[in-house]
Peer 1: 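Here it is: the structure, laid out below.
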Amino acid sequence: MTEAQSETTEQEPLFAAAGGGLAILLKVEVPADAICWHRFFGAMQLALLCLLFLSGGLMAFAYTPVPGTAYDSVDYFQFSLPLGNVVRGLHHYAWNLLLIVMGLHLLRALILGAYKAPRQIVWISGVAFFLVIPLFIITGDLLPWDQKGYWSTQVRFSIIASIPVVGDFLVQLFRGGSLTGIVALTRLYVLHILLLPCALVLLIGLHLYFLATRGISGPLSDDEIPRPKALFMPTIVNRWLALFILTAIGMGLVAWHWPAALGDPADPTDSAFIPRPEWWVLFLNQLVAIFKGPFMVLGSAIIPGGLVFLLGALPFLDRSPERRPSKRMGVMVAAAVVLAAVTVLSVMGYVEHFVRPEH
Amino acid sequence: MLENKVSISRQTAVENQFQISRRAFLTTSVLAGGAVVLAAIPMVSIVVLPSLKKGTGKWVDFGKADKLPPDDFSMLSYEFMTKDGWIDLPQRGFVWAKTDAKNGVKVFSSTCSHLACNVIWNRDTRMFECPCHTGRFDPDGLPVAGPPKKPLFLLPHKVEEGKILVHITL
Ligand code: HEM
Ligand code: FES
């Protein structure tokens, strides 16, 4: 072996790995039918999560998790730093929109039977997002230490505490004690910017890995014509990038024009402040309100938990290879009933908390 | 004949595809560049720009000028509140005042000109001593031993209504 040869073999592994990775990525093909309007939601979720990570990372540069001071730091970020208002607004609007897009993404997969074999694991990893994202929201809500965040957190803690046996323990674990003060704020902060982001990145990786290995579902027609292909790079990647740019600019303008709300600093002695539930939990709040006394656990844990469990188990409950919605009336009707119930409960909650808020 | 035509069209197809993919990769670079620029703008305005703010000076009142012992060095300690980002924090420190019958008052910064430890006046050796790397300064603040190469900073001061005021920059 000559010297030159031995040198190249020494350097090779690193470069080969990088080059090989790129070469593989350049060759990845996806069925051309991946490009259609109802598959837009997945890409939109990626764009929104990128925005959440970027804006959150920037906010973390000027945030201190200390009661009182936390409020000053968010106020300083939003009103004293150039573009602070836009970045905080982006973070705020991005998670709101993400929830909507996640709902539509799930609904599409449900209607088109995309959860069926061999994609059960893709579906289950997708349902897991519905456990992680709400945790992001309820941990993030306390961070600005304003009245709304503080009192909403108190309400959430008492709802969790009402779960028999484990409830009190869970709340103590979240708060790190019996107070909602600096220990609680630090715990929620670490969850929000360290543990949950790690879990989320892992989950995104798994979801996409399962998707890549199991393949995306084909058109509903049963004829076995070979599907035309499109290159992942650059065709799909270009669309993702364009979507990210459009979303960032569009939502940035919205955030600039309609700043995210920052209420008064939290005042634990103020008993007059009544937090209103946010739009996405109205149905859960209503569910909790319907079941009183010993039955409260039905609304706070058993029904929501059961629904998430059923959702995750769907690929094993509906196992026929049939994917056309018209031939899967059972699933369609069940989904419509759940959707209608959530809508009705949300409207009831909206009327109770926003139209006649004196109750 | 037919064979020939097919192969020609196949070749142009391949060339076309090459052209298309070249254009697409150019688009990728432009889009990726755009995304990076977009993300970099708030990074600059939120992380870089605020870091460039210069420290502001402040006249600190150390009381009656004639209370300073004559022909001696005295440590003047200060503590005042300063806006540090989003909160007011106390800033503590001290400076050295030198009173000299001939030349009047001089005020030295206590910051060592080497690596910014606090220097201490030693009455016995009549030198400013730095505890970090044994730097030594003479009574005029000039470096005489150890790693420091530059003299101690002289701070602007003035006497107003009998009080000594020192300009301290943070
Ligand atoms: C690594 C990623 C993230 C980091 C570093 C981060 C960081 C932060 C910081 C520092 C705050 C406090 C400033 C403020 O309240 O405006 C905050 C607030 C918040 N974050 Fe995040 N975040 C991340 C991801 C997410 C995600 C994925 C979600 C939800 C899907 C989310 C939801 C929230 C919410 C609801 C608030 C409360 C602010 C508001 O009222 O709009 N965050 N985040
Ligand atoms: S810092 Fe004073 S001698 Fe090094």
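Side-chain atoms are counted along with the backbone in the values below, which use heavy atoms only and exclude waters and symmetry mates. Within every chain, numbering begins at 1; the chains are lettered A, B, ... in the order of the sequence lines, protein sequences first and strands thereafter.
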Peer 1: With a 4.5 angstrom heavy-atom cut-off, could you sort out which part of B/P50 is near chain A: side chain, backbone, both or neither?
Peer 2: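 Only the side chain of B/P50 comes within 4.5 Å of chain A.
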Peer 1: Regarding B/T99 and B/D72, do their side chains bring together a donor and an acceptor under 3.5 Å, going by distance alone?
Peer 2: no
Peer 1: What about the rings of A/Y150 and A/F273, do their centers lie closer together than 6.0 Å?
Peer 2: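 Ring centroids of A/Y150 and A/F273 are no less than 6.0 Å from each other.
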Peer 1: Please flag which part of A/L83 lies under 4.5 Å from any non-hydrogen atom of chain B: side chain, backbone, both or neither.
Peer 2: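 Contact with chain B involves both backbone and side-chain atoms of A/L83.
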Peer 1: At a 4.5 Å cut-off on heavy atoms, which part of A/L58 comes close to chain B: side chain, backbone, both, or neither?
Peer 2: both
Peer 1: Run the ring-centre check on A/Y63 versus A/Y189 and record whether the distance is less than 6.0 Å.
Peer 2: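 Yes.
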Peer 1: Can a side-chain donor-acceptor contact be found between A/D267 and A/T269 if the only test is distance below 3.5 angstrom?
Peer 2: yes
Peer 1: So which residue, A/T69, A/V237, A/V87, ends up with the most heavy-atom pairs under 4.5 Å with chain B?
Peer 2: A/T69
Peer 1: What residue in A/I249, A/I245, A/D75, A/L81 has the most heavy-atom pairs under 4.5 Å with chain B?
Peer 2: A/I245
Peer 1: Tell me the closest heavy-atom pair linking A/P265 and A/Q147, and the distance in Å.
Peer 2: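 For A/P265 and A/Q147, the tightest heavy-atom pair comes out as O-CG, 3.6 Å.
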